[in-house]
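Taking it in order: structure first as structure tokens, then the write-up.
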Amino acid sequence: MKIALCPGSYDPVTNGHLDIIGRAAQIFDQVVVLVVQNRAKTPTFSLEERAQMIRRSVKKMPNVRVDCSCGLVVDYARQHDIHVMVKGLRAVTDFEDEFQQALINRKLYPGLETMFLSCDLEYMYLSSSMVRQIAAEGQDIAAFVPPEIREDIVNRLYKPNP
């Protein structure tokens, strides 16, 4: 069975993330979406909240499962005998960072290959941070996130002015 790992902070998951996850699910027998704790970021949603939002968003993808990790992605991959990691790319700037990470990951776990999927043109501009900013301003985020989680995001972030 070919298993792929799709790691990310997913704070929150966006339609761009789901595009990459869905395309990976068409290529691999099983896809593990791994919600990770990025020490460089202060998340809006807890690890488990993010995992639950993804679970609700991928419920129509039977070969996708969701897990969480606070450690290194390579350690998770090694422990679960996963040899392919799928990463989405929006632009050249994404590639530089992701390529560096792929090289480091391969040094730490030589059995792990990184596969890059370019995002759909519709999502090239989309990021979780942009979604958070738009939601915090009370603007409609329906075009950017799955409907199953839209209210969770709005309820957490939008604080109307008194």
Of all pairs that satisfy side chain to side chain donor-acceptor pair (under 3.5 Å), the ones with a partner from residues 132-152, not counting sequence neighbours: R56-D152
Can you name the salt bridge (Lys or Arg N to Asp or Glu O under 4.0 Å) partners of E96, sequence neighbours left out?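 Listed in chain order: nothing, the list is empty.
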Please identify each residue that fulfils side chain to side chain donor-acceptor pair (under 3.5 Å) with [X], with sequence neighbours left out.
X    : value
T114 : none
Y123 : none
E122 : none
N63  : none

Work out which heavy atom in P12 is nearest to a heavy atom in S128; give both atom names and the distance.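 In this case the closest contact between P12 and S128 is O-OG, 2.6 Å.
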Which heavy atom of V86 sits nearest a heavy atom of A4, and at what distance?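 Nearest heavy atoms, V86 then A4: CG2-CB, 3.9 Å.
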Show the numbers, then the answer: is there a side-chain contact (heavy atoms from CB on, under 4.5 Å) between V154 and I141? CA-CA 8 Å; V154 171; I141 58 171; 4.0 Å; yes
Is there a chain of hydrophobic side chains (I, L, V, M, F, W, Y, each step under 4.5 Å between heavy atoms) that links [X] to [Y]?
X    : Y    : value
I54  : I149 : yes
I82  : V58  : no
L112 : F116 : no

Can a donor-acceptor pair be found, under 3.5 Å and without considering hydrogens, that links the side chain of [X] to the backbone of [Y]?
X    : Y    : value
Q101 : E98  : no
K159 : R156 : yes
H83  : G111 : yes

Taking atom [atom1] of [X] and atom [atom2] of [Y], what is their separation to the nearest 0.5 Å?
X    : Y    : atom1 : atom2 : value
M85  : C6   : CE    : SG    : 10.0 Å
D94  : C119 : CG    : SG    : 8.0 Å
I153 : L157 : CD1   : CG    : 7.5 Å
L89  : D97  : CG    : CG    : 10.0 Å
R90  : S127 : CZ    : OG    : 5.5 Å

Within residues 99-119 or reaching into it, pairs that qualify as salt bridge (charged side-chain N to carboxylate O under 4.0 Å, His left out) - sequence neighbours excluded: R106-E113
Donor-acceptor pairs are to be reported for all side-chain atoms of residues 13-20 against protein atoms at under 3.5 Å, with residues two or more places apart or in another chain.
{"residue": "T14", "atom": "OG1", "partner": "G16", "partner atom": "N", "Å": "3.2"}
{"residue": "T14", "atom": "OG1", "partner": "H17", "partner atom": "N", "Å": "3.2"}
{"residue": "T14", "atom": "OG1", "partner": "H17", "partner atom": "ND1", "Å": "3.2"}
{"residue": "N15", "atom": "ND2", "partner": "A143", "partner atom": "O", "Å": "3.2"}
{"residue": "H17", "atom": "ND1", "partner": "T14", "partner atom": "N", "Å": "2.9"}
{"residue": "D19", "atom": "OD2", "partner": "R23", "partner atom": "NH1", "Å": "2.9"}
{"residue": "D19", "atom": "OD2", "partner": "D120", "partner atom": "N", "Å": "3.4"}

If you look only at distance, which donor and acceptor atoms sit under 3.5 Å apart when one is on a side chain in residues 29-40 and the other is two or more places apart or in another chain?
{"residue": "D29", "atom": "OD2", "partner": "K2", "partner atom": "N", "Å": "2.8"}
{"residue": "Q37", "atom": "OE1", "partner": "R50", "partner atom": "NH2", "Å": "3.4"}
{"residue": "N38", "atom": "OD1", "partner": "A40", "partner atom": "N", "Å": "2.8"}

Validation: residues 64-75 side-chain donor-acceptor distances under 3.5 Å, sequence neighbours left out:
{"residue": "D67", "atom": "OD2", "partner": "Y76", "partner atom": "OH", "Å": "2.6"}
{"residue": "S69", "atom": "OG", "partner": "G71", "partner atom": "N", "Å": "3.2"}
{"residue": "D75", "atom": "OD1", "partner": "R78", "partner atom": "NH1", "Å": "3.1"}

Atom CZ of F99 with >12 non-hydrogen neighbours under 6.0 angstrom: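 Open: at most 12 neighbouring heavy atoms sit under 6.0 Å from CZ of F99.
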Residues two or more places apart in sequence or in another chain: which of them pass side-chain contact (heavy atoms from CB on, under 4.5 Å) with I104?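 I104 satisfies side-chain contact (heavy atoms from CB on, under 4.5 Å) with Q100, L108 once adjacent residues are dropped.
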Pairs in or reaching into residues 21-58: which pass ring pair (Phe, Tyr, Trp, His ring centres under 6.0 Å), with residues at least two apart or in two chains? none
